[in-house]
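Nothing fancy with the numbering, it's 1 onward along the sequence. Nothing here was measured: the structure is a model prediction, and the numbers come from that model.
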Amino acid sequence: MADNRLFDKHCAKIIGVARHRISTDGDGVTTLVAFHGCPLRCWYCLNPQSLGDGSRFKEYSPQSLYDEVRIDELYFLATNGGVTFGGGEPCLHPDFIREFHGLCDPTWQINLETSLNVPTAHIEELLSVVNTLIIDIKEMNSDIYRSYTGQSNDLVLDNLHLIAESGRQNDCIIRIPLIPNYNTDVDREISRKALEDLGFTRFDLFTYQIRKH
């Protein structure tokens with residue numbers, strides 16, 4: 001039998017597929033699909049396997065991923081659940097996600113866990129197929145952000161304005177971490193106020209737990 005991945009230009013490396021997650025990555029029962037690849041180099045990266053050589057990870061097409069995750073469709077339908085794309089950075093793969101969405105029952109929830117540090121065109125392409133965006137904002141202060149991630153947050157700010165102008169603030173959960181040695185509670189409150197000024201209201205404030213090896 002022919003491998004459909006050979007004919008699909010939207011194949012992507014996936015570092016993991018985690019089933020039966022309950023109310024952690026969106027509503028109901030969800031399956032978390034984590035992409036390889038990320039534009040950031042955060043000092044306290046939670047998924048370092050998403051960086052560097054991806055040769056050891058399985059490559060999926062949208063069809064082959066759908067064939068694997070649809071086993072839990074009854075759970076998705078019964079609990080208003082679905083698939084959450086994370087990583088790494090899922091918004092590096094807008095065509096893959098749009099094609100996958102086209103295969104799904106329209107009642108499946110499609111969620112993204114994203115840093116938003118991607119071209120604005122990618123977010124424009126995804127807004128029409130995504131139910132919830134779980135945004136790990138890191139920091140709104142550009143100097144702190146660059147110090148922690150190694151990148152500018154200009155794209156992040158552009159994408160936040162795009163989401164706000166699209167009226168999708170209530171579909172976003174903004175994660176604002178307290179990052180040891182990088183920001184303070186005062187910095188975090190300044191970030192939250194800036195986001196509230198854009199109309200965002202759903203926040204997840206937490207502290208990175210740094211594991212010492």
Side-chain angles (χ1 to χ4, degrees), residues 1-22 24-77 81-136 138 149-151 155-156 159 175:
M1 180 180 293
D3 188 341
N4 289 335
R5 291 174 296 172
L6 298 177
F7 305 101
D8 195 313
K9 63 181 180 180
H10 299 150
C11 289
K13 292 292 180 85
I14 303 296
I15 64 174
V17 177
R19 299 170 58 203
H20 299 164
R21 295 170 68 89
I22 301 175
T24 55
D25 309 298
D27 295 335
V29 175
T30 59
T31 293
L32 177 64
V33 177
F35 285 100
H36 181 269
C38 183
L40 306 182
R41 293 297 182 268
C42 301
W43 278 98
Y44 306 136
C45 180
L46 300 180
N47 289 310
Q49 65 269 36
S50 69
L51 306 174
D53 180 21
S55 60
R56 63 192 176 97
F57 297 112
K58 184 176 178 180
E59 188 172 70
Y60 285 83
S61 68
Q63 181 68 57
S64 62
L65 179 65
Y66 172 75
D67 291 341
E68 180 167 328
V69 303
R70 67 181 297 187
I71 189 173
D72 290 321
E73 181 171 43
L74 289 178
Y75 294 111
F76 301 160
L77 299 180
V83 174
T84 297
F85 289 102
E89 177 51 71
C91 295
L92 295 174
H93 306 277
D95 293 334
F96 184 106
I97 294 171
R98 284 182 60 86
E99 187 174 326
F100 176 86
H101 173 266
L103 299 170
C104 302
D105 186 289
T107 61
W108 286 25
Q109 299 293 297
I110 303 296
N111 311 311
L112 296 178
E113 292 184 345
T114 175
S115 70
L116 286 186
N117 204 317
V118 297
T120 300
H122 290 203
I123 303 302
E124 288 178 326
E125 188 174 349
L126 287 167
L127 281 179
S128 64
V129 301
V130 169
N131 298 99
T132 301
L133 293 96
I134 304 166
I135 302 169
D136 188 358
K138 316 295 184 186
T149 69
Q151 298 292 333
L155 285 173
V156 179
N159 285 322
R175 291 176 171 166

Does Phe57 CZ have over 12 foreign heavy atoms under 6.0 Å away? yes
Is any side-chain heavy atom of Leu126 less than 4.5 Å from a side-chain heavy atom of Ile97? yes
Start with the C-alpha gap between Ser115 and Asp136, add the side-chain angles, then the distance that decides, and say whether side chain to side chain donor-acceptor pair (under 3.5 Å) holds. CA-CA 5 Å; Ser115 70; Asp136 188 358; over 6 Å; no
Please determine whether the number of non-hydrogen atoms from other residues, nucleotides or ligands lying under 6.0 Å from atom CG of Leu103 exceeds 12. yes
Can you check side-chain contact (heavy atoms from CB on, under 4.5 Å) on Val130 and Phe85, steps first, answer last? CA-CA 10 Å; Val130 169; Phe85 289 102; over 6 Å; no
Hey, could you give me the CG/CG distance between Asp72 and Leu77, rounded to the nearest 0.5 Å? 11.0 Å
Least distance between heavy atoms, Leu51 atom then Cys45 atom: CD1-SG, 4.3 Å
Shortest non-hydrogen pair, Thr84 vs Glu113, comes out as CG2-CG, 3.8 Å
Which heavy atom of Ser55 sits nearest a heavy atom of Lys13, and at what distance? CA-NZ, 3.6 Å
Kindly compute the distance separating CG (Asp105) from CD (Glu73), expressed to the nearest 0.5 Å. 5.5 Å
Can you see which heavy atom on Tyr60 is nearest to which on Val17, and at what distance? OH-CG2, 4.1 Å
Under the side-chain contact (heavy atoms from CB on, under 4.5 Å) criterion, do Glu125 and Asp95 qualify, and how do the steps go? CA-CA 8 Å; Glu125 188 174 349; Asp95 293 334; 2.4 Å; yes
Do Gln49 and Arg56 pass the side-chain contact (heavy atoms from CB on, under 4.5 Å) test, and can you show the C-alpha distance, the side-chain angles, and the key distance before you say yes or no? CA-CA 10 Å; Gln49 65 269 36; Arg56 63 192 176 97; 3.8 Å; yes
Do the non-hydrogen side-chain atoms of Phe35 and Ile14 ever get within less than 4.5 Å of each other? yes
Thr31 side, atom OG1; Leu65 side, atom CG - distance, nearest 0.5 Å: 9.0 Å
Within this structure, what is the CZ-SG distance for the pair Phe96 and Cys11, rounded to the nearest 0.5 Å? 7.5 Å
If every non-hydrogen atom of Gly87 is compared with every non-hydrogen atom of Pro90, which pair is closest and at what distance? N-CD, 4.4 Å
With the side chain counted from C-beta on, respond yes when Arg98 and Ser128 share a heavy-atom pair under 4.5 Å apart, and no when they do not. yes
State, yes or no, whether a side-chain contact exists between Asn131 and Trp108 at a heavy-atom distance under 4.5 Å. no
Determine whether more than 12 heavy atoms belonging to other residues, nucleotides or ligands lie under 6.0 Å from atom CZ of Arg70. no
Okay, side chain of His122, backbone of Pro94: is any donor-acceptor separation there less than 3.5 Å? no
Sorted by chain and residue number, the side-chain hydrogen bond (donor to acceptor under 3.5 Å, both in side chains) partners of Arg41 (sequence neighbours excluded) come out as none
Begin with the C-alpha distance, continue with both residues' side-chain angles, and end with the deciding distance and a verdict on side-chain contact (heavy atoms from CB on, under 4.5 Å) for Val83 and Phe100. CA-CA 10 Å; Val83 174; Phe100 176 86; 4.0 Å; yes
Qualifying residues under side-chain hydrogen bond (donor to acceptor under 3.5 Å, both in side chains), relative to Thr114, sequence neighbours excluded: Glu89
Nearest heavy-atom pair of His93 and His36: which atoms, and what distance? NE2-O, 3.8 Å
Are side-chain heavy atoms of Leu133 and Leu127 found at a separation under 4.5 Å? yes
Hey, what do you get for CG (Leu155) to OG1 (Thr120), rounding to the nearest 0.5 Å? 6.0 Å
Gap between atom SG of Cys38 and atom CG of Asn117 - 0.5 Å precision: 8.0 Å
Distance-only, no hydrogens or angles: does the Asn111 side chain make a donor-acceptor pair with backbone N or O of Gly26 under 3.5 Å? no
